[in-house]
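Only one structure is covered here, and it is reproduced in the block below.
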There are 2 protein chains.
Amino acid sequence: MAAIAQDEDWTTRFTGLSRLEPRIREVLTSRSQVIRVPADTVIFGPGKSPENMLLLLEGTVRVQQLAENGREVVLYRVTAGESCVLTTACMLAYEDYSAEGVAETDIVAAAVPRAVFDDLVSTSKEFRTFVFTAYSRRMTDLFHVIEDIAFRRMDIRLAQKIIERADTGVLKATHAQLAAELGTAREVISRQLAEFQRRGWVTLGRGTVEILDCDALRKLSES
Amino acid sequence: MAAIAQDEDWTTRFTGLSRLEPRIREVLTSRSQVIRVPADTVIFGPGKSPENMLLLLEGTVRVQQLAENGREVVLYRVTAGESCVLTTACMLAYEDYSAEGVAETDIVAAAVPRAVFDDLVSTSKEFRTFVFTAYSRRMTDLFHVIEDIAFRRMDIRLAQKIIERADTGVLKATHAQLAAELGTAREVISRQLAEFQRRGWVTLGRGTVEILDCDALRKLSES
DNA sequence: GGCCGTTATGTGACTAGATCACTGATAGGC
DNA sequence: GCCTATCAGTGATCTAGTCACATAACGGCC
């Protein structure tokens with residue numbers, strides 16, 4: 001996670017933008033602004049549509065759906081090198097959505113103004129492909145979320161999530177946070193984790209889940 | 001639902017395309033082909049990506065998610081005057097999706113070849129807006145589906161679906177079809193409908209649900 | 001170190017929903 | 001009038017979500 005140099009050509013950090021014609025690259029870098037946003041900032045959400053399309057250079061944005069009763073579910077994450085299409089979506093059209101994007105870490109992003117975005121879409125085939133690919137990927141992500149929620153068992157989903165988000169072998173998250181990830185209730189997570197611990201797959205601590213038997217978790221998550 | 005005249009300018013049927021410049025309109029109509037597809041045809045799906053973007057002139061396309069265990073859930077419907085963005089999505093990029101689109105009725109659509117689509121996106125701001133609006137709308141639809149599945153009770157969702165799909169006061173659908181709409185099991189629907197009938201809100205027949213008390217259903221669906 | 005408010009987790013009882021394995025009912029074709 | 005789909009009803013059982021709590025661990029602060 002290298003820092004961004006002041007005049008670095010960050011376009012090369014995006015798969016899909018690497019082969020832009022120099023002229024387009026110039027437009028993109030010169031007419032957009034690199035911004036920094038602290039962790040936990042709400043980037044967009046009901047009643048807060050951003051002016052710009054964001055291209056994430058560093059950090060991750062968590063996009064989640066909120067329900068009236070306070071429960072949540074994570075839809076997808078935007079990581080460095082990806083664009084936040086939802087931003088584009090509400091920038092260009094529809095506003096009636098109930099999802100919000102939150103900076104999960106401190107963030108560095110290129111903010112591309114609406115007009116520049118439109119210009120680039122119309123003049124660069126590469127950029128068009130980049131944008132449409134981003135849309136498709138998100139759609140696909142949403143399909144997977146729907147499939148998971150509607151048809152997969154909680155234990156399987158939890159095992160999967162633990163593996164996915166525990167890079168070091170220890171996952172730092174409370175049961176409540178995991179519940180919000182998966183769109184379920186905290187008690188459900190507590191009980192499932194207790195069961196995993198009983199089987200010797202994990203050790204639980206306050207705010208942590210330590211993986212003992214990754215293979216067992218993986219096996220469950222693939223069943 | 002008037003028939004399509006052979007050389008009709010169908011672009012006016014689409015909100016968002018009505019103010020196209022004549023040159024663009026000409027490109028769109030002359031370089032795309034009006035096709036007819038019988039009901040129940042799979043328009044796209046895993047392993048079947050179409051060559052063209054479809055603009056629906058008549059009929060509806062049901063887009064649904066399939067699970068391995070045979071269960072399904074309806075994601076959204078594309079109606080006359082809308083475009084099938086998923087088609088665009090898989091046309092332009094990503095292929096790994098598990099949703100499929102099925103002609104729910106006989107269909108008349110304008111098939112816009114990939115090259116023409118790309119041309120139009122780059123040359124017409126109106127067309128761009130049209131495409132992005134379509135994407136946003138679908139995204140929003142998916143958010144609602146997720147919210148429903150994750151957080152709303154089955155009885156509420158069923159009441160809502162009955163009202164939504166029973167234009168004449170009688171809904172023609174089997175319990176299994178309603179279950180596939182809502183992503184649940186047939187038995188769950190049968191029991192819920194039995195309860196609605198017990199309360200005097202509907203009368204059930206083989207393959208039909210007749211609404212007796214629409215207000216009661218609406219009240220439930222809004223709670 | 002002991003006190004205290006906050007946050008995190010544990011647990012029982014209950015309701016809703018999903019699954020399984022059936023049975024019974026009805027329409028339509030012959 | 002019979003046969004065979006297809007459609008609908010039902011009990012038992014399991015998983016998941018809800019509610020109402022009881023404990024337990026941490027992080028200051030005196």
Side-chain angles (χ1 to χ4, degrees), chain A residues 40 65-73 145-162 170-199 202-210 220-221 223, chain B residues 40 65-73 145-162 170-199 202-210 220-221 223:
Chain A
D40 298 322
Q65 170 87 262
L66 307 171
E68 312 87 39
N69 59 0
R71 269 175 56 196
E72 325 177 356
V73 59
V145 170
I146 290 173
E147 189 169 0
D148 273 12
I149 296 176
F151 305 127
R152 304 185 82 127
R153 292 169 50 104
M154 211 58 231
D155 52 357
I156 294 173
R157 295 174 57 205
L158 179 58
Q160 194 170 9
K161 189 60 84 173
I162 291 172
V170 181
L171 172 60
K172 292 214 156 301
T174 66
H175 300 183
Q177 285 169 338
L178 286 169
E181 283 275 330
L182 296 170
T184 183
R186 198 258 314 156
E187 298 92 317
V188 174
I189 298 295
S190 291
R191 287 191 247 256
Q192 284 296 346
L193 286 175
E195 174 63 22
F196 287 175
Q197 185 170 41
R198 202 192 57 73
R199 293 188 198 167
V202 298
T203 329
L204 301 178
R206 192 182 161 92
T208 61
V209 179
E210 186 181 352
L220 174 62
S221 78
S223 67
Chain B
D40 298 322
Q65 170 87 264
L66 307 171
E68 311 86 40
N69 58 0
R71 268 173 59 194
E72 327 177 356
V73 59
V145 169
I146 290 173
E147 190 170 358
D148 273 11
I149 295 178
F151 305 128
R152 304 185 81 127
R153 291 170 49 105
M154 211 58 233
D155 51 356
I156 293 172
R157 296 175 56 208
L158 179 58
Q160 192 169 11
K161 189 60 85 175
I162 291 172
V170 181
L171 171 60
K172 291 214 156 302
T174 65
H175 300 183
Q177 285 169 338
L178 286 169
E181 283 275 330
L182 297 170
T184 184
R186 199 257 317 156
E187 297 92 318
V188 174
I189 298 295
S190 291
R191 286 192 248 255
Q192 284 296 348
L193 285 177
E195 175 62 20
F196 287 175
Q197 185 170 43
R198 202 191 57 73
R199 293 188 199 166
V202 299
T203 329
L204 302 177
R206 191 183 162 92
T208 61
V209 179
E210 186 181 352
L220 174 62
S221 77
S223 69

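Naming: A, B, ... by sequence-line order, numbering from 1 per chain. Values below: every heavy atom of this structure, side chains too, minus hydrogens, waters and symmetry copies.
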Sidechain-backbone polar pair: A:Q192 side chain, A:I189 backbone, donor-acceptor under 3.5 Å |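 Between the backbone of A:I189 and the side chain of A:Q192 there is no qualifying donor-acceptor contact (under 3.5 Å).
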Spell out, as yes or no, whether a donor-acceptor pair under 3.5 Å connects the side chain of A:R71 to the backbone of A:A180.
->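 Pair absent, no side-chain N/O of A:R71 close to backbone of A:A180.
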Regarding [N], can its base be found pairing with the side chain of [X] as donor and acceptor, where the two atoms are less than 3.5 Å apart?
X	N	result
A:R206	C:dT9	no
A:R186	C:dG10	yes
A:R191	C:dT11	no
A:R153	D:dT15	no

What nucleotide among D:dA25, C:dT19, D:dC7 has an atom nearest to a side-chain atom of B:N69?
->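 Among D:dA25, C:dT19, D:dC7, the one nearest the side chain of B:N69 is C:dT19.
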Working for side chain to side chain contact (heavy atoms under 4.5 Å, CB included), residues B:K161 and B:L182 | CA-CA 8 Å; B:K161 189 60 85 175; B:L182 297 170; 3.8 Å; yes
Could you state the atom-to-atom distance from [atom1] of [X] to [atom2] of [N] in whole Å?
X	N	atom1	atom2	answer
A:L193	C:dT11	CG	C1'	15 Å
B:R71	C:dA18	CZ	C1'	7 Å
B:D148	C:dG17	CG	C1'	16 Å
A:M154	C:dA18	CE	P	14 Å
B:L182	C:dA16	CG	P	18 Å
B:E187	D:dT13	CD	C1'	13 Å
A:Q192	C:dT11	CD	P	14 Å
A:R157	D:dG17	CZ	C1'	13 Å

OP1, OP2 of C:dA18 versus side-chain N and O of B:T184: anything below 4.0 Å?
->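 For B:T184, the contact criterion (side-chain N or O under 4.0 Å from OP1 or OP2 of C:dA18) is met.
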Report yes if at least one side-chain N or O of B:H175 is closer than 4.0 Å to OP1 or OP2 of D:dG9; otherwise report no.
->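 So the side chain of B:H175 is within the cut-off, an N or O lying under 4.0 Å from OP1 or OP2 of D:dG9.
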Of B:A173 and A:G183, the one whose closest DNA chain D nucleotide lies more 5' |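 Its nearest nucleotide lies further toward 5', so the answer is B:A173.
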Earlier contact from the 5' end, DNA chain D, for A:D155 and B:T208 |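 Residue closer to the 5' terminus by nearest nucleotide: B:T208.
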Any strand: nucleotide that pairs with C:dT26 via Watson-Crick or wobble, under 3.5 Å =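 Its partner is none (no Watson-Crick or G-U wobble pair with both distances under 3.5 Å).
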Scan B:Q177 against the nucleic acid and name what it touches under 4.0 Å (heavy atoms): base, sugar-phosphate only, or nothing.
->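 No contact at all - B:Q177 keeps every heavy atom at 4.0 Å or more from the nucleic acid.
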Take A:E187 and A:R191 through the test salt bridge (charged side-chain N to carboxylate O under 4.0 Å, His left out) and record every step on the way to the result.
-> CA-CA 6 Å; A:E187 298 92 317; A:R191 287 191 247 256; 5.7 Å; no
Glycosidic conformation of D:dA8, taking syn as within 90° of 0 and anti otherwise |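 Anti, since the glycosidic angle lies more than 90° from 0.
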